[in-house]
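Taking it in order: structure first as structure tokens, then the write-up.
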Amino acid sequence: MYKKKQIVEVEIIDLGDKNQCFGRLDDGMSIFVQGTAAVDDVVKAEIFKIKKKFLAARMCELVKPSPHRIEPVCPYFGLCGGCKWQHMDYSEQLRLKRKQVQDALEHLGGFKEVECTPCIPAPELFGYRNKMDFSFTDLRYLTSEEIDIPADQQEKPLDFALGFHAPGCYSKAIDINHCDLSTEEMNSTLNAVRKFCLEHKNELPIYSTRSHTGELRNLVVRHGGHTGEFMVNLVTSTHNPPLMKKLSEKLQAVLGDRLTTFVNNITSAKNTVAFGEKEYVLHGPGYITDRLGDYTYRISANSFFQTNTAQAEKLYLQILESAQLKPSDIVYDLFCGTGSITLFASGHCQKVLGVELVESSVRDARANAKRHNVSNCEFIQLDLKDIKLIEQDMKDFGAPDVVITDPPRAGMNPRAVKMLLVIAPPAIVYVSCNPASLARDGQMLCENGQYKLVSCQPIDMFPQTNHVESVARFERI
Ligand SMILES: C[S@@+](CC[C@H](N)C(=O)[O-])C[C@H]1O[C@@H](n2cnc3c(N)ncnc32)[C@H](O)[C@@H]1O
């Protein structure tokens with residue numbers, strides 16, 4: 001009885017992934033609505049798919065706004081995939097983040113007994129990011145208003161963009177001048193680099209993801225949240241010494257003493273990831289430092305560091321609380337990055353082994369331990385898919401009492417989870433930025449009755465976005 005293109009009115013009762021929300025029509029029919037809605041909004045939506053058990057529709061009108069709706073501050077809201085939740089007040093964002101973790105644990109992981117604690121709020125709701133990764137594309141993403149404007153009347157060139165990829169669209173970026181999650185300094189650097197690159201468009205063409213030719217790929221700006229040190233990293237296909245020298249001078253003129261270092265990373269990869277195979281240091285030491293708690297960390301361009309400095313300290317205290325370390329404990333910190341959790345844990349146990357894939361991160365981690373005269377930490381560079389290597393290192397270092405694991409969004413490789421089941425430490429603290437992979441890996445740890453999930457604490461590292469971090473403790477039964 002439903003028809004395609006039919007308009008229905010529905011109250012939104014939940015939010016899903018990828019700009020999708022959920023409601024139920026008067027007859028109980030489920031409906032997935034594409035569009036930026038909030039829970040308790042009443043919207044009109046046009047049906048485009050009809051299935052036996054559900055409908056899919058596109059939101060076309062907001063009939064009654066949710067009491068949690070607020071005006072988004074960003075002009076790119078709805079276009080840029082970064083801040084999907086700017087239209088909801090912060091208490092609602094926190095409620096939904098906790099719910100996301102709880103739902104994933106229950107529905108994907110089968111964990112029915114554990115109640116997540118309320119999500120720990122972040123101290124800063126905007127301007128909290130210490131790292132921004134902007135992409136160059138030779139096709140500018142056009143808004144629906146811009147599409148109809150003839151090329152010669154467009155305000156900005158059609159074949160140049162520096163900003164963020166439109167959701168699900170890697171060949172086009174929205175050309176942005178300002179992001180509210182970054183700082184003024186980062187925004188002015190973005191605009192200075194754009195101006196320079198436009199002036200040298202012929203010598204520095206933009207890399208094309210279709211023809212795989214061209215030079216400019218990413219601009220990464222990074223600052224120490226507590227130290228104010230500032231890094232600019234331009235990622236290109238090849239190194240052009242005279243132009244990079246010119247850009248270095250330009251950046252020093254714009255940023256003055258605030259520019260700590262400028263590096264040029266070179267990549268031949270066909271993907272859009274800002275990771276260099278070779279690095280040229282044009283200004284400063286090639287790294288910046290930042291402080292978390294009692295520790296100052298050196299961070300190189302290709303090394304991971306938590307992107308919200310103020311909240312990272314809270315995250316690490318939460319990890320320590322969850323790990324319940326004893327002075328005699330041997331601890332493994334898997335996916336250790338620059339050794340930040342490793343050092344935090346080092347003062348509370350006998351010794352810590354940090355394991356990490358990226359060479360510059362391991363180098364930074366060793367330098368960070370040395371800087372603080374920490375002698376009970378060791379770091380090894382290996383791919384955690386390689387079980388044989390970690391087995392050998394375990395023999396040398398000693399079996400762990402507690403394993404802290406903090407993998408990337410995709411979670412742990414199944415072989416690495418199996419390795420944990422073989423090592424079988426009494427406690428595993430799983431730090432996750434993706435509730436779905438936490439639920440999947442957690443289920444693997446618990447399915448044979450070897451472990452049980454005892455607690456899960458969500459923490460908000462990324463206000464305005466739909467992302468959430470969690471710290472989960474698993475205990476051996
Ligand atoms: C979410 S970060 C966590 C870093 C660190 N624990 C922190 O809090 O700063 C994940 C880390 O895992 C590393 N990594 C990714 N894949 C890996 C693999 N297969 N083996 C070892 N480390 C890996 C990344 O380089 C990154 O440093």
Side-chain angles (χ1 to χ4, degrees), residues 129-131 133 220 222 224-226 265 271 273-277 287-293 295-320 322-323 331-346 352-369 377 379-391 393 402-420 428-438 441 459 461-462 467-472:
R129 282 193 68 99
N130 59 28
K131 181 184 174 198
D133 181 347
V220 187
R222 207 166 195 181
H226 285 324
N265 267 271
N271 60 31
V273 180
F275 192 88
E277 290 145 11
Y287 59 82
I288 55 166
T289 65
D290 201 358
R291 228 178 12 255
L292 293 179
Y295 297 99
T296 299
Y297 298 95
R298 161 185 140 159
I299 310 155
S300 304
N302 287 316
S303 303
F304 178 92
F305 197 71
Q306 295 290 341
T307 48
N308 182 340
T309 305
Q311 193 69 336
E313 249 174 80
K314 283 198 203 166
L315 171 69
Y316 288 177
L317 292 174
Q318 193 55 51
I319 294 169
L320 283 187
S322 186
V331 178
Y332 286 12
D333 177 18
L334 307 184
F335 307 91
C336 72
T338 56
S340 39
I341 299 174
T342 329
L343 293 197
F344 255 70
S346 68
V352 198
L353 178 68
V355 184
E356 164 65 42
L357 174 68
V358 173
E359 191 184 344
S360 70
S361 297
V362 176
R363 214 180 314 120
D364 287 344
R366 289 187 181 131
N368 291 333
C377 293
F379 296 94
I380 47 171
Q381 185 196 349
L382 64 80
D383 187 335
L384 273 158
K385 286 190 225 99
D386 205 334
I387 307 158
K388 292 246 162 8
L389 284 174
I390 188 94
E391 277 173 354
D393 283 297
V402 178
V403 168
I404 299 167
T405 180
D406 182 9
R409 275 190 72 70
M412 293 176 75
N413 183 286
R415 279 184 282 172
V417 182
K418 278 188 195 140
M419 172 198 76
L420 279 185
I428 297 170
V429 176
Y430 194 124
V431 186
S432 167
C433 57
N434 181 353
S437 46
L438 167 67
D441 294 349
I459 171 164
M461 309 293 291
F462 322 102
H467 296 293
V468 57
E469 192 89 13
S470 358
V471 180

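Computed over heavy atoms, backbone and side chain alike; hydrogens, waters and symmetry mates excluded. In listed order, ligands and their atoms are each counted from 1. Residues: numbered from 1 along the sequence shown.
The closest approach between a heavy atom of Ser340 and any atom of ligand 1 is below 4.0 Å. Residue Leu382 places a heavy atom less than 4.0 Å from ligand 1.
Between Tyr295 and Phe344, the angle of the ring planes lies from 30° to 60°, which puts this pair in the tilted group.
Using a 4.5 Å cut-off on side-chain heavy atoms (C-beta onward), Ile404 and Val431 make contact. Counting heavy atoms from C-beta on, the side chains of Lys131 and Val220 come closer than 4.5 Å. Within the 4.5 Å cutoff, no side-chain heavy atoms of Ile380 are placed close to those of Val362.
Looking from atom 25 (O) of ligand 1 to the surrounding protein, the closest heavy atom is Glu356 OE2, 2.6 Å. The protein atom (non-hydrogen) at minimum distance from atom 20 (N) of ligand 1 is Leu384 N, 2.8 Å. Looking at atom 14 (N) of ligand 1, its nearest protein heavy atom turns out to be Phe335 CD2, 3.7 Å.
Scanning Tyr297, Phe344, Tyr316 for the heavy atom closest to atom 7 (C) of ligand 1 points to Tyr316.
Phe379 does not carry Arg366 over the face of its six-membered ring by the limits of under 6.0 Å from the centre and within 45° of the normal.
The ligand atoms of ligand 1 that sit less than 4.0 angstrom from a heavy atom of Asp383 are 18 (C), 19 (N), 20 (N). Near Gln306, with a cut-off below 4.0 Å to any heavy atom, the atoms of ligand 1 are 7 (C), 8 (O), 9 (O). With ligand atoms numbered from 1 in the order given, ligand 1 contributes 25 (O) to contacts under 4.0 Å with heavy atoms of Val358.
Atom CG of residue Leu420 and atom CG of residue Leu384 lie 9.0 Å apart, to the nearest 0.5 angstrom. One distance of note links CZ of Arg222 with CZ of Arg129; it measures 10.0 Å at 0.5 Å rounding.
Residue contacts with ligand 1, taken as heavy atom pairs separated by less than 4.0 Å, involve Cys336 solely via the backbone atoms N, CA, C and O. The side chain of Ile341, and not its backbone, has at least one atom closer than 4.0 Å to an atom of ligand 1 (non-hydrogen atoms only; side chain from C-beta on). By the criterion of a heavy-atom distance under 4.0 Å, the backbone of Pro407, and not its side chain, is placed next to ligand 1.
Between the side chains of Asp364 and Thr338, no donor N or O sits under 3.5 Å from an acceptor N or O. Looking at Tyr430 and Asp441, their side chains do bring a donor and an acceptor atom within 3.5 Å of each other. For the residue pair Asn302 and Ser360, no side-chain donor N or O sits within less than 3.5 Å of a side-chain acceptor on the partner.
Checked by distance only, ligand 1 and Asp406 come closer than 3.5 Å through their nitrogen or oxygen atoms. At least one N or O atom of Leu357, backbone or side chain, sits closer than 3.5 Å to an N or O atom of ligand 1. Among the atoms of Val355, none of the N or O lies under 3.5 angstrom from an N or O of ligand 1. Taking only nitrogen or oxygen atoms, main chain and side chain alike, Lys385 does not reach within less than 3.5 Å of ligand 1. An N or O contact shorter than 3.5 Å is missing between Pro408 and ligand 1 by distance.
Considering every non-hydrogen atom in both Glu356 and Val358, the closest pair reads OE2-N, 2.9 Å.
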